[in-house]
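Comments concern the structure below.
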Amino acid sequence: MNKKVFGSLALAFAVGAGAPTVANSIIDLVSTSSQSKSASTPVGQPIDLTYAAENGMKSVVYLKVTTNSKMQMQSIQDPFFDFFGDFFGQGNGGRQQRQVQVPKRQGSGSGVIISSDGYIVTNNHVVADADEILVKLSDNREVKARIIGLDPSTDLALLKVEEKNLQPIAIADSDNLKIGEWVLAIGNPYGLTSTVTAGIVSAKARTLGASSGIESFIQTDAAINPGNSGGALVNAKGELVGINAMLYSQTGSYAGYGFAIPTTIMNKVVGDLKKFGTVQRALLGVTGMDVSSYISQQHEKNKEVDLGTLKGIYVEEATSDGAAQEGGLQKGDVITAIDGKATDSFGEMQEILASYKPGDQVAVTYLRDKKKRIARLTLRNAQGTTSTVQSIGAEELGVGMRTLTEMEKRELNLTHGLVVNAIRNGKFQEAGITKGIILLQVNDKPMRTLEDFEAVVKEVNMSSDRVLWIRAKTQSGLNRSFTVELSDPKVKGKK
């Protein structure tokens, strides 16, 4: 069974004596013979990739990622369940939630310098759980990095190091890439720093269904292995065209194809993370599938289909109160272009929309009953509005918190919790939360660290139901519950 491998993140304990031997590969390109030359056929020329490799390596860094030891809740199988079954009617399948000490972990990955003042792009999965990030530059200097923003939907992350006069990579428009064009993958596979592999662009706007996020990958046969994640995919000029993200393999190592996030998506994500702290994601408000997939699905049911085209996006539903529904689109329509750019596949549509923000207007070309129509739509965010979504944390909500001490846990007979140690005008105060209240769960997720709280708030802030449901206790042990709504414009962001 094929595996889609995210996280080409090379864990330190996985790289050891059994590491594979690396052989040098030589690419010989021979010019087209004189017999094949014609006025209509371009003359092939040997391609020198040394310039691209030399310049690209100066901007690709090695990331050492450390995740400290911590207590986590894990589901563990009850050893007596096989003997007694569900005798007590707990209905948990014999699994129990227990606190487990997770050991310290170290891993590695790659990153790309995109500005001389220290901004670095990498993959979200490389640094999402990091407690410390050490960046090794091309001149072997090591500096600490901090996370500016994370975007799991595109698997991108933006880091910052406090260094000046770094060597940023030149960024090209990935839309101009052509299938068959030579590219280099530069990164640190298996901890082997500054490794360069070559291949061609095998496909564009590839969707693999490997995540629930945005997928519109550049597919390449340049070798990508664990540790390449976050590294650069560059063209023959040494310009960045993508961020290497994952490989497709039956073994977990390179077996033919790698996938990179195009710069058209990267540029938008980086710009939003710098300005807002979160990505302004514009939604069309449709669900559906590629026309080719829809036709194949109908053929399996012995149904003949004629949509007037074999390319595009078949609209299964125009979601309630979405931009598409407001513009008149409905089930059965086929979207063929957005602002004149063809949407032959869902991946292409996602890549096009990734460059827009809520409030932007687009012209959507679609077919209904095989007749061409154009709808002008105003794109919306996940909440169905055109507002800018701001990053929200404890500070913006008017609350300060800390984790319970071990003594407080014993005194209150609690295993976890966040105690409110400061409160001011804001959403928490309006909900009736006072200093000393202990938050146990927010939206059914246990609160063990401040990071747990920040993660829930971020998730809710980007969802359509912007409400925090809080289970808490007083210092005297009484149960309390609170509801905090984030829909107020003061919290949600500027119009």
Exercise for review: Without swapping roles, check the side chain of Thr67 against the backbone of Asp129 for a donor-acceptor pair under 3.5 Å.
Suggested key: yes
Revision key, fill the gap. For residues 175-185, the salt bridge (charged side-chain N to carboxylate O under 4.0 Å, His left out) pairs (sequence neighbours left out) are Asp175-Lys341
Practice item. Could you give me the CA-CA distance, side-chain angles and deciding distance for Leu468 and Glu485, then say whether side chain to side chain contact (heavy atoms under 4.5 Å, CB included) is met? Key: CA-CA 6 Å; Leu468 300 177; Glu485 296 185 5; over 6 Å; no
Practice item. Report, as yes or no, whether the 6.0 Å neighbourhood of atom NZ on Lys160 holds more than 12 heavy atoms from other residues, nucleotides or ligands. Key: yes
Exercise for review: Could you check if a side-chain atom of Asn235 sits within less than 4.5 angstrom of a side-chain atom of Asn176, using non-hydrogen atoms only?
Suggested key: no
Check your understanding: Taking atom types as modelled and ignoring hydrogens, do the side chains of Glu351 and Thr264 form a donor-acceptor contact shorter than 3.5 angstrom?
Key -> yes
Exercise for review: Assess whether atom CZ of Arg368 is packed by more than 12 heavy atoms of other residues, nucleotides or ligands within 6.0 Å.
Suggested key: yes
Review point. Got a second to check how far Leu158's CG is from Asn124's CG, nearest 0.5 Å?
Key: 12.0 Å
**Study point:** Full working for side chain to side chain contact (heavy atoms under 4.5 Å, CB included) between Ile265 and Ile214
**Key:** CA-CA 9 Å; Ile265 292 177; Ile214 294 173; 4.2 Å; yes
Exercise for review: Count the heavy atoms belonging to other residues, nucleotides or ligands that lie under 6.0 Å from CZ of Phe346, then report whether that count exceeds 12.
Suggested key: yes
Study note, to complete from the structure: Between the OG atom in Ser320 and the CD atom in Gln325, the distance rounded to the nearest 0.5 Å is 5.0 Å
**Study point:** Student check: side-chain heavy atoms of Asn188 and Tyr62 closer than 4.5 Å
**Key:** yes
Review point. For Ile200, does the CD1 atom sit with more than 12 other heavy atoms under 6.0 Å from it, leaving out its own atoms?
Key: yes
Practice item. Kindly determine whether Val442 and Phe453 satisfy side chain to side chain contact (heavy atoms under 4.5 Å, CB included), including the steps that lead there. Key: CA-CA 7 Å; Val442 180; Phe453 178 78; 4.3 Å; yes
**Study point:** Rounded distance (nearest 0.5 Å) linking atom CD1 of Ile243 with atom OG1 of Thr263
**Key:** 8.5 Å
Review point. Should we count NZ of Lys372 as having more than 12 external heavy atoms under 6.0 Å?
Key: no
Practice item. Report the C-alpha separation of Thr197 and Leu184 in whole Å, then their side-chain angles, then the decisive distance to 0.1 Å, and conclude whether the side chain to side chain contact (heavy atoms under 4.5 Å, CB included) test is met. Key: CA-CA 6 Å; Thr197 57; Leu184 298 178; over 6 Å; no
Review point. Between the main-chain N or O of Ile335 and the side-chain N or O of Thr343, is there a donor-acceptor pair closer than 3.5 Å?
Key: yes
Review point. Are the side chain of Asp155 and the backbone of His125 linked by a donor-acceptor contact shorter than 3.5 Å?
Key: yes
Review point. Distance-only, no hydrogens or angles: does the Ser296 side chain make a donor-acceptor pair with backbone N or O of Ser292 under 3.5 Å?
Key: yes
Check your understanding: Would you say Ile218 and Leu233 make side-chain contact, with heavy atoms under 4.5 Å?
Key -> yes
Review point. Is there a side-chain contact between Arg380 and Leu283 (heavy atoms, below 4.5 Å)?
Key: no
Check your understanding: When you measure from the centre of the six-membered ring of Tyr119, is the NZ or CZ of Lys274 under 6.0 Å away and within 45° of the axis?
Key -> yes
Practice item. Measure the spacing between OG of Ser345 and CG of Asp290 and express it to the nearest 0.5 Å. Key: 5.5 Å
Review point. Does any N or O in the side chain of Ser216 come within less than 3.5 Å of the main-chain N or O of Gly347, such that one atom is a donor and the other an acceptor?
Key: yes
Check your understanding: Would you say the side chains of Tyr314 and Asp333 form a donor-acceptor pair under 3.5 Å?
Key -> no
Review point. Do side-chain atoms of Asp48 reach the backbone of Thr50 as a donor and acceptor pair under 3.5 angstrom?
Key: yes
Point to revise | Rounded distance [0.5 Å steps], CD in Gln441 versus CH2 in Trp469 | key: 14.5 Å
Review point. So does Asp306 pair up with Lys370, basic N to acidic O under 4.0 Å?
Key: yes
Exercise for review: Go through Glu326 and Arg376 one step at a time and tell me if the salt bridge (charged side-chain N to carboxylate O under 4.0 Å, His left out) criterion holds.
Suggested key: CA-CA 10 Å; Glu326 185 181 64; Arg376 300 196 178 278; over 6 Å; no
**Study point:** Asn443 side chain vs Val467 backbone, donor-acceptor pair below 3.5 Å
**Key:** yes
Point to revise | Ile186 CD1 to Asn244 CG distance, which is reported to the nearest 0.5 Å | key: 9.0 Å
Review point. Can you find a pair of side-chain heavy atoms, one from Ile114 and one from Ile171, that are under 4.5 Å apart?
Key: yes
Check your understanding: Side-chain contact, heavy-atom cut-off 4.5 Å: Lys275 with Gln280?
Key -> no
Exercise for review: I would like to know whether Asp272 and Lys357 meet salt bridge (charged side-chain N to carboxylate O under 4.0 Å, His left out); could you show each step before the answer?
Suggested key: CA-CA 9 Å; Asp272 283 353; Lys357 64 181 183 299; over 6 Å; no
Point to revise | Residues Lys311, Glu348: salt bridge by 4.0 Å N-O rule | key: no
Practice item. Using distance alone, with no hydrogens and no angle criterion, decide if Ser115 and Asp117 have a side-chain donor and acceptor under 3.5 Å apart. Key: yes
Point to revise | Any donor-acceptor N/O pair, Asn55 side chain to Ala52 backbone, under 3.5 Å | key: no
Review point. Would Lys331 and Glu316 pass as an ion pair if we require N to O under 4.0 Å?
Key: yes
Revision key, fill the gap. Side chain to side chain contact (heavy atoms under 4.5 Å, CB included) test vs Leu159 passes for just one of Ile133, Ile113, Ile148, namely Ile133
Review point. Side chains of Leu247 and Phe259: closer than 4.5 Å at any heavy-atom pair?
Key: no
**Study point:** Residue of the set Val112, Ile169, Val183 for which side chain to side chain contact (heavy atoms under 4.5 Å, CB included) holds with Val234
**Key:** Ile169
Point to revise | Leu240 vs Met266 side-chain heavy atoms within contact, under 4.5 Å | key: yes
